[in-house]
Amino acid sequence: MFAGLDDIDWESLTHAYGSAEDVPGWVRGLVDADPAVREESLDAMYGAVHHQGDVYDSTVAVVPYLLEALAVPGLPGRDGIVELLTSIVQVGDWPEESALDDDAVVMRRHAVRAHALAVAAAPVLLRLADDADPEVRAVAPQLLVAVAPAVPDPAGLLLGLLGSETDLKVRTGLFEALGSLPLDDATIGRLLELAGSAPASTALAALIAVARNDPYRAPLDGVPELIERAYAEEGPAAGPAGFETDTLIGSLRVMREQSDEGRRAPHCTRMIEDLTDPLGPRVAERIAIVTPLLASVHDDLAGDALFAANKLIEGWRGDYREAVTRVAALLARPPQVAGWAASMLKSWGPVSAPAVETVAGRLALIDAQPWRDGLPEWTIRYSADLPGLHPYLEILAGFGDERALPLLLTGLTLPQRPKDIGYVLARYPGHAGRLTAAILPYLPVVAADERPPTEWYAFQTALRAFGADAAPAVPYLLASPLRDWSATTLGRIGPAARAALPALREAVAGDDPRLAVAAAGALWRIDRWPGALARLTAHLDGPAAREAFEEIAAMGADAAPAAALVATYLDAPPDRHWWTPARAGLALWQLTGDLDRVAPVLTAAWHGNARTRPAIAAAATGRPPAALEPLFRAELTADRRHNVSENTWSSAQVTEDEQLLASCRQLVTPA
C-alpha cells in the first residue's frame, strides 16, 4: 500500500512548519492498527499539512494517498481521513483570487488542484456512502457534497440513502449534507414529510435541512415540543475511546466524551442551534423556540437552549426580557450550566437587565462563603497569581449597581488584585473621589524601558472616567515617564492637572507622534495651550491620525482655523474602512457646525463601515440633525446587530450595539 510514497521528494515540499519530509510517516500512521498512532498522525496532518485550513504543495501531494486509503474497505482510521480530505477539497470556502494576497492565491490554487483530484476519484468516493463502517458512512455525505459536480443528483442520492439507513449518527450526517446542497421543491417537500415523522430526532434533522436551504420554508409550529421529544430519546451509547494522546484532536475528543456524559440523547447535541441559527431574521420565532426550552428541568436541553439563545442575542436585536429572566434562573443549576449562564449574561450588557436582581442574590450567597486561599468566592482563579472577578460582580458593575461597590473596594486590597478591576471601577463616576483615593496606592510606577502591566491601563481608564475628581492622581501619574496613555489621562483630568504642564510641554516637542498628539490634546484641555492646534494638525497623517482628529474635534469652534485643512480629508480614499473621511467629517462638523457639508461623507461612512455608526450617532447626540435622521430611523428598524462579523467577535458586541440603538432613539423625531 502507498506505493511510490517514498519516491516523492518531500524535502522539497513544504507545510506550515517548513520541509514536508515527515509527511510519509504521518500518512502511514493514519491507518495504523493502534488508534493512538492514528490520532497522533491525524493531529499532525491538521497541525502542519492542513494547518488552519491552509493548503500547501505537500497537501496536494498527499491527496492521492488519502484516496487510496479510502478505497480499501475495512482499513482503520478511514472516517478521520474522510473528514480531513473533505476539509482539504472544499474549494467553495475559498474567496475569489481578487480578494486574496499572493500567498493565499497560491494556497487557493493548491486547493483547486486537490479538489480536481477528488473529483476524478468520485466513483471511488461514492462507494463510501454504502460502506460497512457506520463511522465512515456518517462522514461520507459531506465529502460527496464537496465533489458534488461529479456526483449525479447528489440530493437524490442522499435522500435515497435515508430510506434504508437506520444508524442515527449516519442519518444525521445525511441530513447535514442535504442542508448544504441546493434543493428543489420536490426534495424540500420530501424533507417536510420526514419532519412530520418519528422518531423526533429524524423529524428535527429534516427540519434543520430545510431551514438551511430556505429559512422561510421551515414550519415552526410545535417545534419546542418536537425538540423536547428528540432530547428525550435514547441515543447510541458511546464510552471513552480507551486511550490518550497529547494532541489537540485528542483533547477535543475527550471534551466531546465528557460533554456527552449524562446526556439522554448525545446524537441531538446542539441541534437547537442547528435549527435556530439558519432561521436568521426570523428573530421572534427563534425567541419563541428557545425561551420555553430554557426552563427545561433537564440540564442537557436547557444548556443547549442557552447556547442557542447566546448566538441569537449576540447577533440579532429583539425582545429578550423573558428569555433573560429564564437564563437568570439557570444560575441555580449545577456549576457547568450556571457558569455558562453567568458568562453569557456578562457579555450581553444592557440586555441582561432583567437578571440583575437574581444576580445580586447569587452574589450575596457567594460573598457569604468562606474565603479560599486568601481569595473570596467572588473572584475566579485564572492562575496562581492572576485572579479575576466573578461574572456576577461584573454584571452588577456593568449597571453601576451600588451593591457591587463594597466588594470591588475589597478587591483592591487583596494581595492578588483581580484582573481588570480598574475597568470595572470606571462604572462608578459618582464615587470618583473615594475610588481615586482607593486606587492610588496600587497605581504602578513603570520605568521607561518597562512594558506597563494591564492594571496600569485599567486604573487609568477609571481615572479618565472620574475627570477632575481624579486630580489627586496627578503626582502618581508623573512618577512614571510620560507615555501617550498617561498624557491622555492627564488631559481628561483637565485644569486640575496643571502640575503636569512642564512634563507635557517637553513631551509635545518629542519625536513620538502618539505621545506628541496626546500631550498636545492634554495641554489644550488643561491650559488652552495656543500651540495645540498646530501640533495636532501636523499629525493628521501617520500613526496618531485618529487621536489627532479626535482632539481637534474636542476643541470645537476653537479649532475653526484648521477647518480648511481638515476638509481636505473628506475626500480621502475609503480604503481604510472609511475611518479617515468619517473622522474628518465629524471633526469638521464640530469645528463649523456645517452638517450639510459633511452629511454625504458621514452617510457614505455609515453605509461603508457599520463600525463608524456609534461615533456618528454620538456626535449627533444633543443636536438632532435632520440630514442624518433617515440613517438613525433605518437603524432602529434593522434586526441584525450593526457590528456582527463572521471573522471577529467582541465581548462588548451586544453592549456597543445597544448603545447605538439608545443613541438613535434619542435622535429620531417621533412620528
Side-chain angles (χ1 to χ4, degrees), residues 30 42 45-46 49-50 52-55 59 62-63 66-67 69-71 75 77-94 111-112 114-165 167-183 187-188 191 194 201-202 204-213 236 249 252-253 256 266-271 273-275 277-278:
L30 292 173
L42 189 62
M45 294 292 285
Y46 277 112
V49 180
H50 190 42
Q52 295 182 351
D54 291 343
V55 182
T59 321
V62 302
V63 168
L66 302 182
L67 292 168
L70 294 179
L75 202 64
R78 288 182 306 141
D79 55 324
I81 295 174
V82 169
E83 292 181 297
L84 174 63
L85 184 61
T86 301
S87 181
I88 291 171
V89 305
Q90 284 178 330
V91 292
D93 293 343
W94 283 88
V112 170
H115 179 262
L117 292 171
V119 166
V124 174
L125 301 180
L126 277 169
R127 293 198 291 269
L128 299 175
D130 197 30
D131 197 89
D133 185 349
E135 296 295 326
V136 173
R137 296 202 308 277
V139 293
Q142 289 293 352
L143 180 54
L144 297 182
V145 169
V147 297
V151 178
D153 188 17
L157 170 67
L158 299 175
L159 199 59
L161 291 169
L162 278 169
S164 58
E165 183 60 65
D167 187 283
L168 280 173
K169 187 175 181 180
V170 179
R171 289 176 68 82
T172 299
L174 290 167
F175 279 119
E176 288 178 352
L178 279 165
S180 60
L181 285 170
L183 304 177
T187 304
I188 290 178
L191 288 171
L194 289 171
S201 60
T202 295
L204 183 56
L207 203 59
I208 291 168
V210 172
R212 286 176 173 166
N213 200 262
I249 287 181
L252 294 173
R253 172 179 52 78
R256 286 194 300 270
H267 60 289
C268 292
T269 301
R270 295 291 179 87
M271 287 186 81
E273 286 175 69
D274 292 341
L275 174 61
D277 285 0

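Quick note: numbers below take in every heavy atom, side chains included, and nothing from hydrogens, waters or symmetry partners. What you see is a predicted model, and the numbers here were worked out from it, not measured in a lab.
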Open item on the list: Using the rule given for salt bridge (Lys or Arg N to Asp or Glu O under 4.0 Å), can you reason through Arg212 versus Asp277, listing the C-alpha separation, both sets of side-chain angles and the distance that settles it, and then say yes or no?
Closed with: CA-CA 9 Å; Arg212 286 176 173 166; Asp277 285 0; over 6 Å; no
TODO: List the steps and the verdict of side chain to side chain donor-acceptor pair (under 3.5 Å) for His50 and Ser87.
DONE: CA-CA 9 Å; His50 190 42; Ser87 181; 2.7 Å; yes
A side-chain contact here means heavy atoms from C-beta on lying under 4.5 Å apart; do [X] and [Y] qualify?
{"X": "Val63", "Y": "Thr59", "result": "no"}
{"X": "Pro152", "Y": "Leu157", "result": "no"}
{"X": "Met45", "Y": "Leu30", "result": "yes"}
{"X": "Leu191", "Y": "Leu159", "result": "yes"}
{"X": "Val89", "Y": "Val55", "result": "no"}
{"X": "Phe175", "Y": "Ile208", "result": "no"}
{"X": "Val112", "Y": "His115", "result": "no"}
{"X": "Leu67", "Y": "Leu85", "result": "yes"}

Mind listing the closest non-hydrogen atom pair of [X] and [Y] along with its distance?
{"X": "Val170", "Y": "Pro134", "value": "CG2-O, 3.3 Å"}
{"X": "Ala111", "Y": "Val91", "value": "O-CG1, 3.4 Å"}
{"X": "Ala140", "Y": "Ala129", "value": "CB-N, 4.2 Å"}
{"X": "Ala148", "Y": "Pro154", "value": "CB-CG, 4.2 Å"}
{"X": "Glu273", "Y": "Pro278", "value": "O-CD, 3.9 Å"}

Approximate separation, where rounding is to 0.5 Å, of [X] [atom1] and [Y] [atom2]:
{"X": "Asp274", "Y": "Leu207", "atom1": "CG", "atom2": "CG", "value": "11.5 Å"}
{"X": "His267", "Y": "Asp167", "atom1": "NE2", "atom2": "CG", "value": "10.5 Å"}
{"X": "Leu158", "Y": "Gln142", "atom1": "CG", "atom2": "CD", "value": "9.0 Å"}
{"X": "Ile81", "Y": "Leu66", "atom1": "CD1", "atom2": "CG", "value": "6.0 Å"}
{"X": "Thr202", "Y": "Leu168", "atom1": "OG1", "atom2": "CG", "value": "6.5 Å"}
{"X": "Leu143", "Y": "Leu70", "atom1": "CG", "atom2": "CG", "value": "7.0 Å"}

Is it the case that the side chain of [X] and the backbone of [Y] share a donor-acceptor pair, with hydrogens and angles ignored and the cut-off at 3.5 Å?
{"X": "Tyr46", "Y": "Gln52", "value": "no"}
{"X": "Arg137", "Y": "Leu128", "value": "no"}
{"X": "Arg127", "Y": "Ala71", "value": "no"}

Open item on the list: My understanding is that only one of Asn213, Val145, Leu161, Leu183 makes a side chain to side chain contact (heavy atoms under 4.5 Å, CB included) with Leu178; could you say which?
Closed with: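 Considering Asn213, Val145, Leu161, Leu183, a side chain to side chain contact (heavy atoms under 4.5 Å, CB included) with Leu178 is found only for Leu183.
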Open item on the list: Can you tell whether the side chains of Arg78 and Glu135 come within less than 4.0 Å, N to carboxylate O?
Closed with: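 Judged by the 4.0 Å cut-off on N to carboxylate O distance, Arg78 and Glu135 do not form a salt bridge.
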